[in-house]
Chemist: 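Have a look at this one before I ask anything.
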Amino acid sequence: MRVNNSRKKTDIEFFTHTLTGTKDTKMSTEDRYPFSEVEPKWQQTWRDTGVHKVDLDAPGDDKMYVLVMFSYPSSSKLHIGHWWNYGPTDTFARFKRMQGCNVFEPMGFDSFGLPAENYAIKVGTHPREVTESSIASIQEQLYAIGAMYDWDHSVITSRPEYYKWTQWLFLQLYKKGLAYQKDGMVNWCTSCQTVLANEQVQQDGSCERCGNIVIQKKMKQWYFRITDYADKLLEGLNDIDWPESTIKRQQNWIGRSEGANIRFALDAMPEEYIEVFTTRPDTVFGVTWIVLAPEHPLVSSLTTAEQKEAVNGYIEQAMRATDVERTSTTREKTGVFTGAYVRHPFTDKKIPIWIGDYVLGSYGTGAVMAVPAHDQRDFEFAEKYSLPMEVVIRPPHEMLEPEEMREAYTEPGMMVNSSNFNGLQSEVAKKVICEKLEDRNQGGLAVTYRMRDWSISRQRYWGAPIPVIYCDKCGVVPVPEKDLPVQLPDNVKEFRPKGTSPLGAVDEYMNVTCPECGGPARRDPDTMDTYVCSSFYHLRYLSSDKTGEAFDIERLKNWMPIDVYVGGADHSTGHLIYFRFITRFLHELGISPVEEPAKKLIHQGVIKHGGIKMSKSKGNVVNPDDFVANYGSDVFRMYLMFMGDYREGGDWSDEGITGIDRFINRIWRLVTHFGDGALDTGIPQKADYPKELYRTLHHTIKSVGEDLNNFAFNTAISRMMELVNEIYHWVGGDVQDSKVDQEAAKRLIQTLVTVLAPFAPHFSEEAWQRLGGKESIFTVKWPEFEEEALLQKTVTLIVQVNGKVRDRIEAPSDTDNETLKTMAMASDKVQSYLSEGTLRKAIVVPGKLVNLVIT
RNA sequence: GCCGGGGUGGCGGAAUUGGCAGACGCAGCGGACUCAAAAUCCGCCGAGGUUCACCCCUCGUGAGGGUUCGAGUCCCUCCCCCGGCACCA
């Protein structure tokens, strides 16, 4: 590899120089930043002195909770994704700290879950061993990033001291009726042998964790009633500074639909009815049949004897189909007639009842009314089975005839063929119909959500046990809080999934006495979805040193909400909904002071390499270790920030990193040359520098600060590079022979290093000491810019003729528009253009330009 | 199909939100230093034309139209790439 070769050569040179003590060239051993000595030294010093420790009980006026999504210890190696996430976030956190905020930037491990368990099975060890050793190893490596994590306030979700509170949370939800059991269809991963939440099934119908096919299976499961919070979760989106795309995704995921429920009485049993949900009650007169989902509870009772065979055959076939097949838009809609009829609520017309697997049992009422003229799916269904069509909505300017229609008319319009509702516009009609239905007790306004309740039971070992006991006498008995945690037993012989939880085979675990009656009872053998663990970790970070309570409410009051939350957009409809839900729930319990956990959310972009997304399967993954070994941690993390916009992602280049390496070493040479002696605490004085340089210094301070607040690390680094380039022009390319005022140069470099510190913490700490600093640079205030230094006495304006740049003029910045215009017109270069026509107009933008319009 | 985000030199990417397109970096080219190379420092670096050269001119931000004194930026139509949702009645 190219990078290795060039670096090795330097190491050899370095070595030779040191050995022989050669000083005959101008470059000395000091000329390269000795990261391999500096970085471990400061990592150790920071650990020893506890400079990053935070007193959570003293939040101060300017608290700042910076949270980056914690990671899954799936291997014992830090990969580039960790650096990409943690490095820039830490730069932001350090910047805020230097600006005087009391910053809390915690780190922990989301350590329960399938990857560790699957890995443990593969290598034949215990999941706990795999997990704990990965955590120990990763935590050690995290020091290398140079982040200011305070490990006194960490969480590890697979430890009893954490999952005790996961179970406690379950019990609180249970008490409020928000945790319940339901026998229903669930997503079942055939390979992981466990249930998955909808959020864990990928678009192609495969398992998020292992990629294998997911089928539907009927099982008794625990659910959290997140649908109760659907509206609140929607409304909350208005109050937070989150990416537009994520807000949209959550809105779509929650999928609120307003419409009506309409009851159709059964023809054979008028006291029974089928209720449908529709968003188009205005089309009710166009109903020509209704369709039930195959799993609809009334199907078997209403199917006629003649149709029984056909219906049963159809259901059997439908149930065999996977959910992917059933919901594929390209699949032809199918159905079968039940032989039964309902009566139309307004016309009393007889309407046939069909079943069709494109109707989902889990959405709305599991039954729909078919209006083929105004719904595309119904239209196709009508064509296939030759069912009648009734036009009841007229487009603004034309009349529709059923036989001419090639597709359904789904836009709003005016009601026709709808008895005494004729002439109403769709939007009005919806309300009127709903009122009418309510009057007649035949339905009314209804709201339905696409989001389903959150299924949390997992038939796997490596998770937080569900704290529930089943007693023959008492039924479902929650484990009393005083008995928490329900410890995950170690003595499990077989972790391999087989359709039921491995815990079910551990008799010592399963057999308990009922907390209520003292009789024999059994535990729930399942464990909880790991998203439960991560739904409250942001609150537990603030209390993880407290063993007797879940949350230190006082601290929560002082520190919540999270000021900036950083993590992947892939969690948009998973974790990021769950943790909002649980925060809201805890808010209602009086625990969380806020309804919304995170004020601001930032998604890191995707790292590319060679123009394509970095991934194992593409084989283009960059191993951080190689580059950290060759360039050091600061250069590596800084290059990641420089590659591109943090939110957009960037394209890694093995060569590109040399740009940052050179930049750091350019500063290093300035530091080693001008850094002798004690620290001069003075700030750079205007008189000591060329006017432009002084201005650039303050401009840099200003724009780097603004950029950091915006997570615009790439442009911030560019600004610092510009300053360094300008400093070199001032001191002269050859630093050793520089004639500039030593003290003035030193003050300038001190300021530069302070600005740089959040980006390159080890480097800056070392540089600061060499410049004479005694305290850690992170106790130093990040510099403030002088507004006055940014002002220019004269400005350069461009002179345009008809929008094209023709000249530039220098003018005092307070010159009035009329004078600017005269000056522009006096320009030699402009004269020839002026003579070609007549001046029609002059646009003067002070400080920017003069545009002369000529025809 | 719907919802987001994009398309700018050889490459990664900037552009104060309508005001000098290409900051900064990589690569490349030239010079200084050196016996030499590396490193370092200085300079050049969108395309075309014109010119000994300095200058100067024309074109140029996926394509086409529009608004405007002025458009990478705003509007309309279209193409392509990335991510998400997708029979939700």
Chemist: Categorize A:Thr279 for me: base, sugar-phosphate, or nothing, with a 4.0 angstrom heavy-atom threshold over every strand shown.
Modeler: sugar-phosphate

Chemist: Should A:Arg666 be listed as having a side-chain N or O under 4.0 Å from OP1 or OP2 of B:C41?
Modeler: yes

Chemist: Quick one: A:Leu670 CG to B:C41 P, roughly how many Å, whole number?
Modeler: 10 Å

Chemist: Should B:G64 form a Watson-Crick or G-U wobble pair with both distances under 3.5 Å, which nucleotide is its partner?
Modeler: B:C76

Chemist: Show which side-chain atoms of residues 797-806 of chain A pair as donor or acceptor with protein atoms under 3.5 Å away, not counting sequence neighbours.
Modeler:
| from | atom 1 | to | atom 2 | distance (Å) |
| --- | --- | --- | --- | --- |
| A:Asn802 | OD1 | A:Ile854 | N | 2.8 |
| A:Asn802 | ND2 | A:Ile854 | O | 3.1 |
| A:Arg806 | NH1 | A:Tyr833 | OH | 3.1 |

Chemist: With both distances under 3.5 Å as the test, what is the Watson-Crick or G-U wobble partner of B:A32?
Modeler: B:U40

Chemist: Using whole Å, what does the distance between atom C1' of nucleotide B:G5 and atom CZ of A:Arg249 come to?
Modeler: 11 Å

Chemist: Measure from the side-chain heavy atoms of A:Ile798 and tell me the nearest of B:C3, B:A89, B:C20.
Modeler: B:C20

Chemist: In terms of ring plane angle, is the pair A:Trp454 and A:Tyr578 parallel, tilted or perpendicular, where the classes change at 30° and 60°?
Modeler: parallel

Chemist: Strictly below 4.0 Å: does A:Arg662 bring a side-chain N or O up to OP1 or OP2 of B:C26?
Modeler: yes

Chemist: Nearest whole angstrom, please: distance from the P of B:C2 to the CG of A:Asn252.
Modeler: 13 Å

Chemist: Would you classify A:Tyr449 as touching base, sugar-phosphate or nothing, given that sugar-phosphate means primed atoms plus P, OP1 and OP2, and contacts are heavy atoms under 4.0 Å?
Modeler: nothing

Chemist: Searching all strands shown, indicate the nucleotide that pairs with B:G22 (Watson-Crick or G-U wobble; both distances under 3.5 Å).
Modeler: none

Chemist: B:A27 pairs with which nucleotide, Watson-Crick or G-U wobble, both distances below 3.5 Å?
Modeler: none

Chemist: Does one side chain, of A:Thr796 or A:Glu810, offer a donor that lies under 3.5 Å from an acceptor on the other?
Modeler: yes

Chemist: Taking B:A32 as the reference, what is the distance to B:C69 when you measure between their C1' atoms (whole Å, please)?
Modeler: 48 Å

Chemist: Between A:Glu244 and A:Lys248, does any NZ, NE, NH1 or NH2 come within less than 4.0 Å of an OD or OE carboxylate oxygen?
Modeler: yes

Chemist: Syn if the chi torsion is within 90° of 0, anti otherwise; quick check, which is B:U17?
Modeler: syn

Chemist: Does B:C59 pair with anything, Watson-Crick or G-U wobble, both distances under 3.5 Å, and if so, with which nucleotide?
Modeler: B:G46

Chemist: Look at the side chain of A:Val368 and decide which nucleotide, out of B:G43, B:A89, B:C3, has an atom nearest to it.
Modeler: B:A89

Chemist: When the distance from CD1 of A:Ile290 to P of B:A89 is rounded to whole Å, what number comes out?
Modeler: 18 Å

Chemist: Going by modelled atom types, is there a donor-acceptor pair between the base of B:C20 and the side chain of A:Arg808 at under 3.5 Å?
Modeler: yes

Chemist: I'd like to know if the side chain of A:Arg280 pairs up with that of A:Thr410 as donor and acceptor (distance under 3.5 Å, no hydrogens or angles considered).
Modeler: no

Chemist: For atom P, what is the distance between B:C26 and B:A39, given to the nearest Å?
Modeler: 12 Å

Chemist: Can you find a side chain N or O atom of A:Arg669 that sits less than 4.0 Å from OP1 or OP2 on B:C41?
Modeler: yes

Chemist: Mind calculating the distance between CD (A:Glu706) and P (B:U17) to the nearest angstrom?
Modeler: 10 Å

Chemist: Which whole-number value in Å describes the distance from A:Tyr358 OH to B:A86 P?
Modeler: 19 Å

Chemist: What integer number of Å spans the C1' atoms of B:G60 and B:G25?
Modeler: 23 Å

Chemist: Using atom C1' in both nucleotides, what's the gap between B:C44 and B:A38 to the nearest angstrom?
Modeler: 22 Å

Chemist: Has A:Thr573 got a side-chain N or O lying under 4.0 Å from the OP1 or OP2 atom of B:G84?
Modeler: no

Chemist: Please work out if A:Ser718 contacts a base, only the sugar-phosphate, or nothing of the nucleic acid, heavy-atom cut-off 4.0 Å.
Modeler: base

Chemist: Rounded to the Å, how far apart are A:Lys613 NZ and B:G5 C1'?
Modeler: 14 Å

Chemist: Considering all heavy atoms of both residues, which atom of A:Ala408 and which atom of A:Pro372 are nearest to each other, and what is their separation?
Modeler: CB-O, 3.6 Å

Chemist: Quick check on RNA chain B: between A:Lys841 and A:Asn665, whose nearest nucleotide comes earlier from the 5' end?
Modeler: A:Asn665

Chemist: Just to confirm, is there a sub-4.0 Å distance from OP1 or OP2 of B:C56 to any side-chain nitrogen or oxygen of A:Tyr833?
Modeler: no

Chemist: Are a donor atom and an acceptor atom from the side chains of A:Thr334 and A:Tyr314 found within less than 3.5 Å of each other?
Modeler: yes

Chemist: Distance between the C1' atoms of B:G19 and B:C56, in whole angstroms?
Modeler: 23 Å

Chemist: Does a donor on one side chain sit under 3.5 Å from an acceptor on the other, for A:Thr696 and A:Glu726?
Modeler: yes

Chemist: Measuring to OP1 and OP2 of B:C56, would you say a side-chain N or O of A:Lys829 lies under 4.0 angstrom away?
Modeler: yes

Chemist: If you assign each of A:Tyr728 and A:Val853 to its closest nucleotide in RNA chain B, which residue comes earlier from the 5' end?
Modeler: A:Tyr728

Chemist: May I ask you to evaluate whether A:Asn725 reaches the phosphate of B:G25, defined as a side-chain N or O under 4.0 Å from OP1 or OP2?
Modeler: yes

Chemist: What nucleotide among B:C3, B:C20, B:A89 has an atom nearest to a side-chain atom of A:Val805?
Modeler: B:C20

Chemist: Are A:Ser362 and A:Arg452 linked by a side-chain donor-acceptor pair shorter than 3.5 Å?
Modeler: yes

Chemist: How far does the P atom of B:G4 sit from the matching atom of B:C74, given to the nearest Å?
Modeler: 15 Å

Chemist: Name the closest nucleotide to the A:His729 side chain, picking from B:G43, B:G19, B:C87.
Modeler: B:G43

Chemist: Pick the C1' atom in B:C81 and in B:U8, then give their distance to the nearest Å.
Modeler: 15 Å

Chemist: Could you list all N or O pairs between the protein and nucleotides 9-14 of chain B that sit under 3.5 Å apart?
Modeler:
| from | atom 1 | to | atom 2 | distance (Å) |
| --- | --- | --- | --- | --- |
| B:G12 | O2' | A:Met643 | O | 3.0 |
| B:A14 | OP1 | A:Asn714 | ND2 | 2.9 |

Chemist: Quick one: do A:Arg666 and A:Asp661 make a salt bridge, cutoff under 4.0 Å?
Modeler: no

Chemist: Can you figure out which of B:C57, B:A21, B:G19 approaches the side chain of A:Arg806 most closely?
Modeler: B:C57

Chemist: Nearest 0.5 Å, what's the CD1-CZ distance between A:Ile274 and A:Phe264?
Modeler: 9.5 Å

Chemist: Would B:G12 be called syn or anti here, given the cut-off of 90° from 0?
Modeler: anti

Chemist: Within this structure, what is the CE-to-P distance between A:Met721 and B:A23, rounded to whole angstrom?
Modeler: 13 Å

Chemist: Under a 3.5 Å limit for both distances, which nucleotide forms a Watson-Crick or G-U wobble pair with B:G4, could you say?
Modeler: B:C82

Chemist: Roughly how many Å apart are B:A23 and B:G30, using the C1' atom of each and rounding to a whole number?
Modeler: 23 Å

Chemist: Given B:A23, B:G25, B:G19, identify the nucleotide with an atom nearest to the side chain of A:Glu722.
Modeler: B:A23

